[in-house]
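Scroll down for the structure; my scribbles are underneath it.
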Amino acid sequence: MLEAMEVMIVFIFDAHIDTLSRLNGTDQSLDDNQGHVDLKKLRQSRQGAQFFAAFVSPKFYHGKALHNAMEMIDLFWQWIERFPDDLDFAGSGKDILGIQTSGRLACLLAVEGGEALEGKVANLRMLYRLGVRLVTLTWNHRNDLAAGQGEGPDGGGLSRFGETVVGEMNKLGMLVDVSHLNDQSFWDTLRLSKAPVIASHSNARALCDHPRNLTDEQIKALANEGGVIGVNFCTHFLAKDRQATIHDVVEQIEYLAKVGGVECVGLGSDYDGIDRTPLGLEHYAKTPELAEILKERGYKADDVAKIMGGNLLRLCQTVLD
Ligand SMILES: [Zn+2]
């Protein structure tokens, strides 16, 4: 019992949820208790830190991408102000550690889709000033930074503007997110970035053959540079022709640890951005159960702590501080 309780209070850090885009522009509020993530489930999960992604939907790409991202960034700050007993803004590893001791959730801000920059590095710097600490360079399509996986493996790589953005993100201390990139853009980004990168919500392709997932070579290369991969709970990236379960997520964790080492493994649930969830991980408050299973499978407490959040914290301390 004591052992289980130790695992239950492990620091959990999830690199990607889409709750901002789920609720932006609706009448619903974070405390409506709907969706995979809401205030009640945030409290139940007792999670330590969370990246909230401002996901720019393709319908805003032409002329409204930054506008759309700004609405979600405003929503993020409204939540921080409205729920001060539960949530606090974190812009660095130091912030995360400080907030963790207060028992609140350290909330970090991400933008998913470089369309939000609208071709200007100035907009990247302004997003940084508004609290954004991670940018997912593309979604599934090509944009003026790079090519998403929807363009295919030969769909081109990082553009000149993309190179400038990665360089500026390194200078500012922001996490470069390679999830969604096609293979060529992935390799270009990894070669160029002076800091370790994150794949905030991606899995291993060897276990589930989907272009959104990473090859063994990509896992090894990202891990060698000190990067972290957040395991995605999206059923399509876990199992092709059947309902995925929590054990598929555990298998992904174990595989990534085997190929890239335990230091490269993290969580990136994609809650509120996926249509179906694995059995056993139906919503945010279920995430701590992963720690229980890892412990049961013989993982040392140290390694469980790294996988559940320690590795992502280390990456934030390395890149953001
Ligand atoms: Zn995504």
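In this chain, numbering begins with 1 at the start of the sequence shown. Whatever order the structure lists ligands and atoms in, that order sets their numbers, starting from 1.
The set of protein atoms (N, O or S) found at less than 2.8 Å from the Zn ion (ligand 1) reads Glu112 OE2, His180 NE2, His201 NE2, by chain and number.
Two residues are said to be in side-chain contact when any heavy atoms from C-beta on lie closer than 4.5 Å; Met308 and Leu290 meet this criterion.
Pairs engaging residues 256-313 under the ring-ring contact (aromatic ring centres under 6.0 Å, His included) rule: His36-Tyr271, Phe233-Tyr271 [sequence neighbours left out].
Of the N and O atoms on the side chains of Arg133 and Ser92, not one donor lies less than 3.5 Å from an acceptor on the other residue. Using a 3.5 Å distance cut-off with no hydrogens or angles, the side chains of Ser202 and Asn232 do not pair a donor with an acceptor.
Between atom NZ of residue Lys240 and atom SG of residue Cys208 there is a gap of 6.0 Å, rounded to the nearest 0.5 Å.
Taking the six-membered ring where the residue is Trp, Tyr61 and His141 present perpendicular rings, their angle passing 60° and hence far from 30°.
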